[in-house]
Amino acid sequence: MPAKHEVRCLKCRRVLLNDVERAALRCFGCRDMPKVQGAGEQWEELIDRGQQAVKRLSGNQWELGDLAIQVVIGRESDRSVLEDYAGRIGIEHDALLEFARVARAFPKDTRQLSRSFEHHRAIATREDRFTWIKRASDEKWSRTQMLEHVRASDMEPPRQKWTADQAARAE
């Protein structure tokens with residue numbers, strides 16, 4: 001039995017998450033998500049695609065991350081939209097947020113699909129991430145091997161740039 005203080009959407013019956021939704025008696029999804037989708041996709045279509053991706057989760061972190069990015073287009077400051085979407089497709093909000101973070105760090109044309117999502121995730125915050133993921137793909141490194149190379153590179157002292165005079169004196 002629902003708690004007495006729960007207010008539900010009149011259309012889909014989901015628990016409304018904030019005062020804006022409660023005032024309209026509609027969740028963001030039922031109220032106005034079709035208006036804000038940058039790709040022109042309808043909210044229900046995004047939910048359906050998300051539910052299908054969750055059912056076949058293995059290897060679909062990219063798809064879920066890309067869908068999460070589409071959901072928040074124009075609403076980046078409204079956390080409840082992504083929370084609502086995550087609840088509707090049946091995945092933890094934090095997992096969906098992480099998938100979106102990695103997908104945003106690696107646009108589709110920069111992803112090395114011969115390497116796992118976890119390879120990409122491990123270096124997603126690095127400025128040189130595109131170089132490392134390309135090397136990992138070319139060298140067929142495991143995630144652990146890639147991280148060992150990254151750590152070793154980070155520990156190397158910076159190379160000194162010599163002027164032509166310094167190079168001549170060194171010889």
Exercise. So, Arg88 side chain and Tyr85 main chain: donor-acceptor pair closer than 3.5 Å or not?
Worked result: no

For this session: Assess whether atom CD of Glu139 is packed by more than 12 heavy atoms of other residues, nucleotides or ligands within 6.0 Å.
Result: yes

Exercise. Do Arg101 and Glu98 meet the salt-bridge criterion of a basic N to acidic O distance under 4.0 Å?
Worked result: yes

Exercise. Under a 4.0 Å N-O cut-off, is there an ion pair linking Asp154 with Arg126?
Worked result: yes

For this session: For residues His120 and Trp62, establish whether the separation of their ring centroids is below 6.0 Å.
Result: yes

Seminar exercise, completed: In short, Ile123 meets Ile133 closest at the heavy-atom pair CD1-N, 3.8 Å

Seminar exercise, completed: For Ala100 and Ile69 the tightest heavy-atom approach is O-CD1, 3.8 Å

Exercise. Does Arg115 use its side chain to pair, donor to acceptor, with the backbone of Trp141 at less than 3.5 Å?
Worked result: yes

For this session: Flag the pair Arg111 and Asp66 as a salt bridge only when some basic side-chain nitrogen lies within less than 4.0 angstrom of an acidic carboxylate oxygen.
Result: yes

Exercise. Do side-chain atoms of Arg129 reach the backbone of Ala105 as a donor and acceptor pair under 3.5 angstrom?
Worked result: yes

Problem set entry | His119 side chain to Arg143 backbone, donor-acceptor under 3.5 Å | yes

Exercise. How many angstroms lie between CG in Leu96 and CG in Leu64, if you round to the nearest 0.5 Å?
Worked result: 6.5 Å

Exercise. Which atoms form the tightest heavy-atom contact between Trp132 and Asp128, and what is the distance?
Worked result: NE1-OD2, 2.9 Å

Exercise. Sub-3.5 Å donor-acceptor pair from the side chain of Gln52 to the main-chain atoms of Arg49, do we have one?
Worked result: no

